[in-house]
> 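Can you keep this structure in mind? I'll have questions shortly.
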Amino acid sequence: MRPLLPAALLLALTHAGQAETPNLSPNQMGESGAAARLILAQQAYERALSGGDPVVLITAIRLARDVTLRGPAGWTKSTEGDPAPDAPEGTRAAPDPAGPEAIGIAQGLAGDDPDLQDLVYDLDAQLPHGRLPTAINATATLDPGQTDSWTLVLAGEAGAEIGLIGDGDTALSLTVQDEGGTVICAFPAAQAPALCRFTPARNGFFTVRIGNPGPARNSYRLVGN
């Protein structure tokens, strides 16, 4: 069962009284899904760049390329806080281990090692086969002092994953709440990727808030399953 449901179906199935109790199931999630794989790929990507490790980078690229991305149909976004047109732009966009830039970096890190060069070549030449797991991918830009609120619908008793990947120029915070305001996950502002994994008890609306308390504009990716 997919964790996303049409809003009309949700309204038809959800009883008003249920919103009074936290929408969190005691049942734990099973294996990690597509969104968690993207967060893992991002963590490996950043570790590879900081350590100059081509093997870890190749692993990150493989992880990211083994996920199919689709747009955030049904997600809505509102922004709190005034725009800051004069805010510093930062130095980079939200990094993507599945992008062509990652391949170029891997080729550079492989140097003259023929085995590593072959691995990078195979990675660039071969496309994934078979049905790949799918993740929702939304991108946005957040000015200093602003907070984005994303509203989405999740299915009851279906594992949910919500991940945040910032561009690294500033620290971003992540909070996930149910329709009654109960905090499901809360991550303080940080530059590292964040992942919230949980199981809703019933069909319901959830709000994902992303805050930018830093001094510069930040572009980010919000991923989900």
> To the nearest 0.5 angstrom, please state how far the CD1 atom of Ile165 sits from the CD atom of Gln42.
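Going from CD1 on Ile165 over to CD on Gln42, the span is 4.5 Å.
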> Looking only at atom types and distance, does a side-chain atom of Gln191 sit under 3.5 Å from a main-chain N or O of Gly168, one as donor and one as acceptor?
yes
> Step by step, would you call Leu116 with Gln107 a side-chain contact (heavy atoms from CB on, under 4.5 Å)?
CA-CA 8 Å; Leu116 290 177; Gln107 290 172 337; over 6 Å; no
> Enter the distance from Asn23:CG to Ile184:CD1 here, rounded to the nearest 0.5 Å.
7.0 Å
> Without swapping roles, check the side chain of Asn218 against the backbone of Asp167 for a donor-acceptor pair under 3.5 Å.
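Yes; at least one donor-acceptor contact below 3.5 Å.
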> Looking at CD of Gln117 and CG of Leu109, how far apart are the two atoms once the value is rounded to the nearest 0.5 Å?
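Rounded to the nearest 0.5 Å, the CD-CG separation comes to 10.0 Å.
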> Does Asn27 reach the side chain of Glu157, with side-chain heavy atoms less than 4.5 Å apart?
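The answer is yes; the side chains approach within 4.5 Å.
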> Could you tell me whether a side-chain N or O of Asn137 sits under 3.5 Å from a main-chain N or O of Arg70, the two making a donor and an acceptor?
no
> Please report the C-alpha distance between Tyr220 and Leu142 in whole Å, then the side-chain angles of each, then the deciding distance to 0.1 Å, and finally whether the side-chain contact (heavy atoms from CB on, under 4.5 Å) criterion is met.
CA-CA 8 Å; Tyr220 68 85; Leu142 202 57; 4.1 Å; yes
> Check whether Ile136 and Val208 end up in the same hydrophobic cluster, where Ile, Leu, Val, Met, Phe, Trp and Tyr are linked by side-chain heavy atoms less than 4.5 Å apart.
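Linked within one cluster.
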> For residues Ser149 and Lys77, determine if any side-chain heavy atom of one lies less than 4.5 Å from a side-chain heavy atom of the other.
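With C-beta onward as the side chain, the pair stays apart.
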> Is there a path of hydrophobic side-chain contacts, each under 4.5 Å between heavy atoms of I/L/V/M/F/W/Y residues, joining Leu40 to Ile58?
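No, Ile58 and Leu40 fall in different hydrophobic clusters.
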> Begin with the C-alpha distance, continue with both residues' side-chain angles, and end with the deciding distance and a verdict on side-chain contact (heavy atoms from CB on, under 4.5 Å) for Thr141 and Arg217.
CA-CA 7 Å; Thr141 301; Arg217 186 171 292 117; 3.2 Å; yes
> If I compare all heavy atoms of Pro213 with all of Gly211, which pair ends up nearest, and what's the gap?
CD-O, 3.4 Å
> For residues Ala158 and Thr199, report the shortest heavy-atom separation together with the two atoms involved.
N-CG2, 3.9 Å
> Does the pair Arg37/Glu31 count as a salt bridge with the N-to-O cut at 4.0 Å?
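No.
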> Looking at side-chain heavy atoms only, is the closest gap between Trp150 and Ile210 below 4.5 Å?
yes
> Any sub-3.5 Å donor-acceptor pair from Asp178's side-chain atoms to Pro22's backbone N or O?
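Side chain of Asp178 to backbone of Pro22: no pair is present.
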> Quick one: closest heavy-atom pair of Pro144 and Gly214, and the distance?
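Nearest heavy atoms, Pro144 then Gly214: CB-O, 3.1 Å.
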> State, yes or no, whether a side-chain contact exists between Arg221 and Leu69 at a heavy-atom distance under 4.5 Å.
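In contact.
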> Hey, is CD on Glu101 packed in by over 12 heavy atoms from elsewhere, all under 6.0 Å?
no
> Taking the side chain as every heavy atom from C-beta outward, state whether Ile162 and Leu222 have any pair of such atoms under 4.5 Å apart.
yes
> Any chance you could pull the hydrophobic cluster mates of Val183, using side-chain heavy atoms under 4.5 angstrom and chaining through other members?
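Other cluster members: none.
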> Just by distance, do the side chain of Asp143 and the backbone of Thr147 share a donor-acceptor pair under 3.5 Å?
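It does not hold such a pair.
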> Write down the atom of Ala171, the atom of Ala189, and the distance for their closest heavy-atom approach.
CB-C, 3.7 Å
> Parallel under 30°, tilted from 30 to 60°, perpendicular over 60°: which one fits the rings of Phe206 and Phe198?
tilted
> According to a hydrophobic-cluster definition based on side-chain heavy atoms being under 4.5 Å apart (Ile, Leu, Val, Met, Phe, Trp, Tyr only), do Val55 and Ile103 belong together?
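Same cluster: Val55 reaches Ile103 through Ile, Leu, Val, Met, Phe, Trp or Tyr contacts under 4.5 Å.
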> Would you say the side-chain atoms of Asn225 pair up with the backbone N or O of Ala35, donor to acceptor, closer than 3.5 Å?
no
> With side chains defined as the heavy atoms from C-beta onward, is the minimum distance between Asp148 and Arg209 less than 4.5 Å?
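Contact flag for Asp148/Arg209 side chains = no.
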> Donor-acceptor pair, distance only, cut-off 3.5 Å: does the side chain of Gln146 make one with the backbone of Thr79?
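Pair absent, no side-chain N/O of Gln146 close to backbone of Thr79.
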> Looking only at heavy atoms, which two atoms of Ala64 and Pro97 are closest? And how far apart?
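Smallest interatomic distance, heavy atoms only, reads CB-CB, 3.8 Å.
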> Stepwise, does the side-chain contact (heavy atoms from CB on, under 4.5 Å) test hold for Leu164 with Leu172?
CA-CA 9 Å; Leu164 172 63; Leu172 297 178; 3.9 Å; yes
> A side-chain contact here means heavy atoms from C-beta on lying under 4.5 Å apart; do Arg62 and Leu119 qualify?
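The answer is yes, as the side chains (C-beta and beyond) meet within the 4.5 Å cut-off.
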> Does Cys185 reach the side chain of Leu174, with side-chain heavy atoms less than 4.5 Å apart?
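A side-chain contact under 4.5 Å is absent here.
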> Please answer whether the main-chain N or O of Gly156 pairs with a side-chain N or O of Asn203 as donor and acceptor at a distance below 3.5 Å.
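Indeed, once roles are kept as given, a pair shorter than 3.5 Å links the two residues.
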> Which atom names give the shortest non-hydrogen contact between Leu195 and Phe187, and what distance separates them?
O-CZ, 3.1 Å
> Using a 3.5 Å distance criterion without hydrogens, assess whether the side chain of Glu46 forms a donor-acceptor pair with backbone atoms of Gln43.
no
> Can Tyr45 be reached from Leu63 by stepping across I, L, V, M, F, W or Y side chains whose heavy atoms are under 4.5 Å apart?
no
